[in-house]
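Input: a single structure, listed below in structure tokens.
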Amino acid sequence: MSVLPVSFYTRKDVTQIARQLLGKKLVTNLAGKRSGGIIVETEAYSFRERGCHAFGNKMTNRNKTMFETGGVGYVYLCYGIHQMFNVVTNKQGAADAVLVRALEPVEGEVWMLTRMKTTSMKRITSGPGKLTKALGIDRTFDGKYLSSAQLWIEEGVKVVKNQIIACARIGIDYAGDDARLPWRFSIQDNPWLSK
DNA sequence: TAGAGGATTGAT
DNA sequence: TCAATCCTCTAC
């Protein structure tokens, strides 16, 4: 298995990257506890549309990581409870990112169960807040390279084009017309998708 | 410096 | 349908 090169992330078309991340494998290795899963659902965000934290190139203390060169993680707290994991894309100063919304567990399931305090694998990573908890990702990973020793993305399984579904993103009604952009991508009929 | 609200989730 | 929960941003 090979880790994705930085050149994968620094391309301009964030929606293309969001599509191509489907089937890739997100892995963490924390204190020797290695766990990971195949990415089955993503959402693209760009500074050019209202759904994005960095809309209009507005940089704040929270979203400054999005302005980094592609290939680092952007992790933030939502609703005071959930950590959200994003992949920063595009070149430095162009704040695009891809939110990872769901994984299919393929490695270290026992660590995920421990972190989730459950004994059932059912829907254990089917949502952006849950997959970060299952993999042990928190805000200390904000700004970290996706080829570091604790967190990386590598080649996974091949996903053919007609397996990919594109539809509107979730939970951003405030974004007006931009909320209807078909920038949410998922693998058709995968049992691990978020609801 | 106070107040409002959020790229969610799980229980009711 | 609603509460949990706390950081971030905006307005004063």
Side-chain angles (χ1 to χ4, degrees), chain A residues 9 13-19 21-22 24 26 37 39-68 70 72-90 94-105 112-144 146 151 153 165-187 190-195:
Chain A
Y9 304 104
D13 189 345
V14 66
T15 60
Q16 186 186 37
I17 297 171
R19 283 173 179 275
L21 276 173
L22 295 176
K24 298 291 188 289
L26 175 64
I39 297 172
V40 297
E41 184 175 343
T42 62
E43 281 182 7
Y45 288 89
S46 167
F47 65 93
R48 291 179 290 272
E49 46 84 22
R50 312 189 86 85
C52 182
H53 289 163
F55 171 64
N57 268 326
K58 189 174 58 177
M59 192 191 297
T60 65
N61 199 42
R62 177 179 66 164
N63 72 15
K64 61 187 177 191
T65 304
M66 290 185 78
F67 291 82
E68 296 286 323
V72 299
Y74 168 44
V75 184
Y76 72 96
L77 186 69
C78 187
Y79 297 109
I81 306 169
H82 307 290
Q83 327 258 356
M84 311 285 266
F85 174 71
N86 295 249
V87 174
V88 174
T89 70
N90 215 326
D96 290 353
V98 176
L99 170 69
V100 178
R101 289 189 60 87
L103 293 179
E104 175 176 342
M112 298 190 200
L113 291 171
T114 303
R115 295 189 186 105
M116 300 299 278
K117 295 183 169 64
T118 178
T119 54
S120 166
M121 286 301 292
K122 198 178 173 190
R123 297 168 45 73
I124 197 172
T125 52
S126 61
K130 291 200 283 187
L131 72 90
T132 52
K133 191 176 177 192
L135 289 187
I137 296 173
D138 59 28
R139 280 174 300 155
T140 62
F141 287 89
D142 188 41
K144 283 236 171 99
L146 299 175
L151 172 71
I153 297 177
I165 307 282
C167 57
R169 291 170 295 176
I170 308 285
I172 55 165
D173 295 341
Y174 60 84
D177 286 346
D178 287 334
R180 292 199 287 273
L181 288 170
W183 281 14
R184 174 173 176 237
F185 305 100
S186 56
I187 297 180
N190 188 286
W192 299 94
L193 298 177
S194 68
K195 56 179 176 178

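Chain letters run A, B, ... following the sequence lines, proteins first and then strands; every chain starts at 1.
Remark: C1' of B/dT8 and CG of A/Leu131 are 12 Å apart, rounded to the nearest angstrom. Atom C1' of nucleotide B/dT8 and atom CD of A/Glu41 are separated by 13 Å, given to the nearest angstrom. Protein atom NZ of A/Lys133 is 12 Å distant from nucleotide atom P of C/dT5, rounded to whole Å. Atom P of nucleotide B/dG10 and atom CD1 of A/Ile124 are separated by 10 Å, given to the nearest angstrom. For the pair A/Tyr74 OH and B/dG6 C1', the computed distance is 11 Å after rounding to whole Å. Here the C1' atom of nucleotide B/dA7 and the CE atom of A/Met84 are 4 Å apart, to the nearest Å. The nearest whole Å value for the distance from the CZ atom in A/Arg62 to the P atom in C/dC6 is 17 Å. When the P atom of B/dG6 is taken as reference, atom CG of A/Asn63 falls 16 Å away, rounded to whole Å.
Of all nucleotides listed (B/dT9, B/dA7, C/dC6), C/dC6 comes nearest to the side chain of A/Leu77. With C/dT10, B/dG10, B/dA7 as the candidates, the nucleotide lying closest to the side chain of A/Lys58 is C/dT10. Distance from the side chain of A/Tyr45 is smallest to B/dA7 among C/dC7, B/dG10, B/dA7. Of the candidates B/dA7, B/dG10, B/dT8, B/dA7 carries the atom nearest the A/Met66 side chain, counting heavy atoms from C-beta on.
If you check every strand for non-hydrogen atoms under 4.0 Å, A/Arg101 touches sugar and phosphate atoms only. Counting non-hydrogen atoms under 4.0 angstrom, A/Asn86 reaches a base of the nucleic acid. Counting non-hydrogen atoms under 4.0 angstrom, A/Arg50 reaches nothing in the nucleic acid.
Using a distance-only test at 3.5 Å, with no hydrogens or angles considered, a donor-acceptor pair links the side chain of A/Thr125 to the main chain of A/Leu103. Within the 3.5 Å criterion, the main-chain N or O of A/Ser194 finds a donor-acceptor partner in the side chain of A/Glu41. Not a single donor-acceptor pair under 3.5 Å links the side chain of A/Thr65 to the backbone N or O of A/Asp142. In this structure a side-chain-to-backbone donor-acceptor pair under 3.5 Å is missing from A/Arg139 to A/Gln83.
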(request) I would like to know whether A/Thr132 and A/Val75 meet side chain to side chain contact (heavy atoms under 4.5 Å, CB included); could you show each step before the answer? (result) CA-CA 9 Å; A/Thr132 52; A/Val75 184; 5.6 Å; no

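For the pair A/Arg184 and B/dA7, the criterion of a side-chain N or O lying under 4.0 Å from OP1 or OP2 is not met. Considering only side-chain N and O atoms, A/His82 lies nowhere under 4.0 angstrom from the phosphate OP1 or OP2 of B/dA7. OP1 or OP2 of B/dG10 sits under 4.0 Å from a side-chain N or O of A/Lys130. OP1 or OP2 of B/dA7 lies within a sub-4.0 Å distance of a side-chain N or O belonging to A/Tyr174.
For the side chain to side chain contact (heavy atoms under 4.5 Å, CB included) test with A/Asp96, the passing option among A/Asp13, A/Val87, A/Asn90 is A/Asn90; the others fail.
A/Tyr79 does not qualify as a stacking partner of the C/dA4 base, lacking a centre-to-centre distance under 5.5 Å together with planes within 30°.
Using N1 to N3 plus N6-O4 or O6-N4 for Watson-Crick, or N1-O2 and O6-N3 for G-U wobble, each under 3.5 Å, B/dT8 pairs with C/dA4.
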